[in-house]
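The structure appears right after this line, and notes come after that.
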Amino acid sequence: MEENDFVSIWLEESGNPAIEELTRVNQEVADKTASFLSEKGLNSTDLSAIVDINHDEISRWLNGRHAFSIKKLKEMSQTLADHN
């Protein structure tokens with residue numbers, strides 16, 4: 001793709017709506033997950049064990065510095081629902 005093509009220019013000026021939406025959803029789910037953990041007396045270490053994901057990834061995600069795919073978020077949600 002050329003640097004000056006229409007799509008590259010548009011993305012640079014407008015951002016990527018799909019990435020922005022995924023980021024928003026990830027942060028919303030992370031915030032709700034943090035509240036859920038707090039209500040249940042759990043922490044990020046407990047969550048990483050429950051969903052079998054590296055604790056560092058979970059910590060970055062809960063702090064808004066990492067994004068999971070929609071597929072991974074659904075898998076995590078189901079695992080938490082099954083665990084509860």
Side-chain angles (χ1 to χ4, degrees):
M1 185 165 35
E2 293 180 26
E3 284 187 29
N4 292 325
D5 69 26
F6 174 77
V7 174
S8 295
I9 293 168
W10 182 84
L11 284 173
E12 186 175 313
E13 291 175 356
S14 306
N16 185 327
I19 292 172
E20 291 171 12
E21 176 66 7
L22 179 60
T23 300
R24 185 192 65 73
V25 169
N26 264 284
Q27 190 59 57
E28 184 178 307
V29 174
D31 292 343
K32 288 180 181 180
T33 302
S35 293
F36 171 82
L37 292 174
S38 180
E39 289 172 14
K40 300 295 181 182
L42 301 170
N43 59 36
S44 60
T45 302
D46 299 321
L47 177 60
S48 67
I50 292 167
V51 297
D52 194 28
I53 295 176
N54 180 289
H55 180 257
D56 290 338
E57 271 190 275
I58 293 293
S59 293
R60 286 191 305 270
W61 174 64
L62 289 171
N63 291 316
R65 296 184 323 243
H66 178 70
F68 286 119
S69 67
I70 296 296
K71 179 181 176 183
K72 182 54 76 176
L73 290 172
K74 287 180 181 179
E75 289 171 5
M76 289 170 55
S77 295
Q78 186 60 51
T79 301
L80 283 172
D82 293 346
H83 180 75
N84 193 17

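Owing to the predicted nature of the structure, the values given are computational and were not obtained by experimental measurement.
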Straight-line distance of S59 OG to R65 CZ, nearest 0.5 Å: 8.0 Å
Side chain to side chain, T33 and W61, heavy atoms closer than 4.5 Å: yes
Ion pair R60/E57, N-O distance below 4.0 Å: no
Over 12 non-hydrogen atoms of neighbours within 6.0 angstrom of CG in N54: yes
Gap separating the CD1 atom of I58 from the OG atom of S44, nearest 0.5 angstrom: 8.0 Å
Any donor-acceptor N or O pair under 3.5 Å, side chains N16, E20: no
Atom pair CE/CG of M76 and D52 - distance to nearest 0.5 Å: 11.5 Å
Student check: side-chain heavy atoms of L47 and L80 closer than 4.5 Å: yes
All side chain to side chain contact (heavy atoms under 4.5 Å, CB included) counterparts of L22, not counting sequence neighbours: N26, I70
For H66, ring pair (Phe, Tyr, Trp, His ring centres under 6.0 Å) partners two or more places apart: F68
All side chain to side chain contact (heavy atoms under 4.5 Å, CB included) counterparts of D46, not counting sequence neighbours: L42, N43
Single hit among L37, T45, T79 for side chain to side chain contact (heavy atoms under 4.5 Å, CB included) with I50: T79
Heavy-atom side-chain proximity of K72 to V51 below 4.5 angstrom: no
